[in-house]
2 protein chains.
Amino acid sequence: MSDPSAHEESHLKVLRLLDSNPLMSQRDLSDALAISLGKTNYCIKALLDKGFIKMQNFRNNKNKLAYVYLLTPLGIEQKSRMTVEFLQIKVQEYEHLRLEIAGLKQEAEQNSLREQQ
Amino acid sequence: MSDPSAHEESHLKVLRLLDSNPLMSQRDLSDALAISLGKTNYCIKALLDKGFIKMQNFRNNKNKLAYVYLLTPLGIEQKSRMTVEFLQIKVQEYEHLRLEIAGLKQEAEQNSLREQQ
DNA sequence: TATAGTGCGTTCAATTACTGAACGCGTTAT
DNA sequence: ATAACGCGTTCAGTAATTGAACGCACTATA
């Protein structure tokens, strides 16, 4: 995929997940996104590098050292921007898929007619 | 992509294209599918290997040597099977996308409300 | 207190996926 | 003749992705 929006989409998904739950580990994220741990780490680093998220140590009520990934103000702003951007892209994909399904349906019907003869 | 259905989808698309126009060259196919020539060639070879298509020399009315890629009876059968299979997959994707769009829309609206305050 | 176990972020060699320039060949145009 | 063209084919190079392994800090167990 040399499509730049492919990376961007992972970034948006991570931002959305972390915004709803900053406690997610990189392994949680890779499960949720169905991508490898390495790729998730690569993505997190990019978001840190861009200043969209920050990594923060904290101790929870069981005195366990852990991390939270918090969206920065810039990250929140970018998340909004990317949300609108992908909304448009997704609507286009939706229409494309609708047409593709229509084509497949038509063909499937033709095939079953052919079998009946 | 270790997803086996990714290959399969290319195969189905090639079968559909060739069924509608056996005169398409590998370059035509790579344009239509927006994939590289090398990948198209790899795909064609796989379909030949499986016996789904056959490659046939012919001479058109201008005495030009050329190839046609014809679907075999097995290829026609497989194309039908794969069409039904992907119809189901695509419908699922469609629903998934619908939900994703709904989520994005809701979020975009929340963001614009936040901006107004 | 010692020690094993757990979960975390991180790394990176290996694998897989993909590209597209280049080639040989036969046809077509000059 | 000979250049130009389009075809399938090849393959070295690059991009993308994986996941086992590592060190570290905390937790549970003896």
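The shown structure was predicted, so the numbers you read here are calculated from the model rather than taken from an experiment.
- Distances shown here put a side-chain N or O of Tyr69(A) below 4.0 Å from the OP1 or OP2 atom of dG9(C).
- A straight line from NZ of Lys39(A) to C1' of dA15(D) spans 12 Å, rounded to a whole angstrom.
- Within residues 42-53 of chain B, the residues having any heavy atom closer than 4.0 Å to DNA chain D are, in order of number, Lys45(B).
- The pair Glu109(B)-Lys105(B) fails the salt-bridge criterion, with no side-chain N (NZ, NE, NH1 or NH2) lying under 4.0 Å from an Asp/Glu carboxylate O.
- When side chains are defined from C-beta on, Ile44(B) counts as touching Leu29(B), because their heavy atoms get closer than 4.5 Å.
- Going from atom CG of Asn57(B) over to atom P of dG26(C) covers 11 Å, rounded to whole Å.
- The side chain of Ser36(A) has dG19(D) as its nearest neighbour among dG9(C), dG19(D), dG8(D).
- The distance from atom CG of Asp31(B) to atom P of dT19(C) is 12 Å, rounded to the nearest whole Å.
- Scored by the salt bridge (charged side-chain N to carboxylate O under 4.0 Å, His left out) test, Glu8(A) finds no partners at all (sequence neighbours excluded).
- Listed by residue number, the members of residues 12-28 of chain B with any heavy atom below 4.0 angstrom from DNA chain C are Arg27(B).
- A single hydrophobic cluster is seen to contain both Leu74(A) and Val14(A), as judged by linkage of ILVMFWY side chains at heavy-atom distances under 4.5 Å, directly or through other members.
- Considering only residues two or more places apart in sequence or on other chains, Tyr42(B) meets the ring pair (Phe, Tyr, Trp, His ring centres under 6.0 Å) condition with none of them.
- Every residue two or more places apart in sequence or in another chain that forms a salt bridge (charged side-chain N to carboxylate O under 4.0 Å, His left out) with Glu100(B) is listed here: Lys90(A).
- dG19(D) atom P lies 10 Å from atom CG of Leu37(A), rounded to whole Å.
- Within the structure, side-chain hydrogen bond (donor to acceptor under 3.5 Å, both in side chains) contacts touching residues 22-36 of chain B (residues at least two apart or in different chains) are Ser25(B)-Asp28(B), Gln26(B)-Asn41(B), Gln26(B)-Tyr69(B).
- Minimum atom distance to the side chain of Asn41(A) is reached by dT10(C), of the listed dT10(C), dG8(D), dT18(D).
- Following rounding to the nearest Å, Gln56(B) (CD) and dG8(D) (C1') show an atom-to-atom distance of 16 Å.
- Side chains of Leu71(B) and Phe52(B) form no contact here, defined as non-hydrogen atoms less than 4.5 Å apart.
- Rounding to whole angstrom units, CD1 of residue Ile35(A) and P of dT16(C) are separated by 20 Å.
- With contacts defined as side-chain heavy-atom distances shorter than 4.5 Å, the pair Asn111(A)/Arg81(B) does not qualify.
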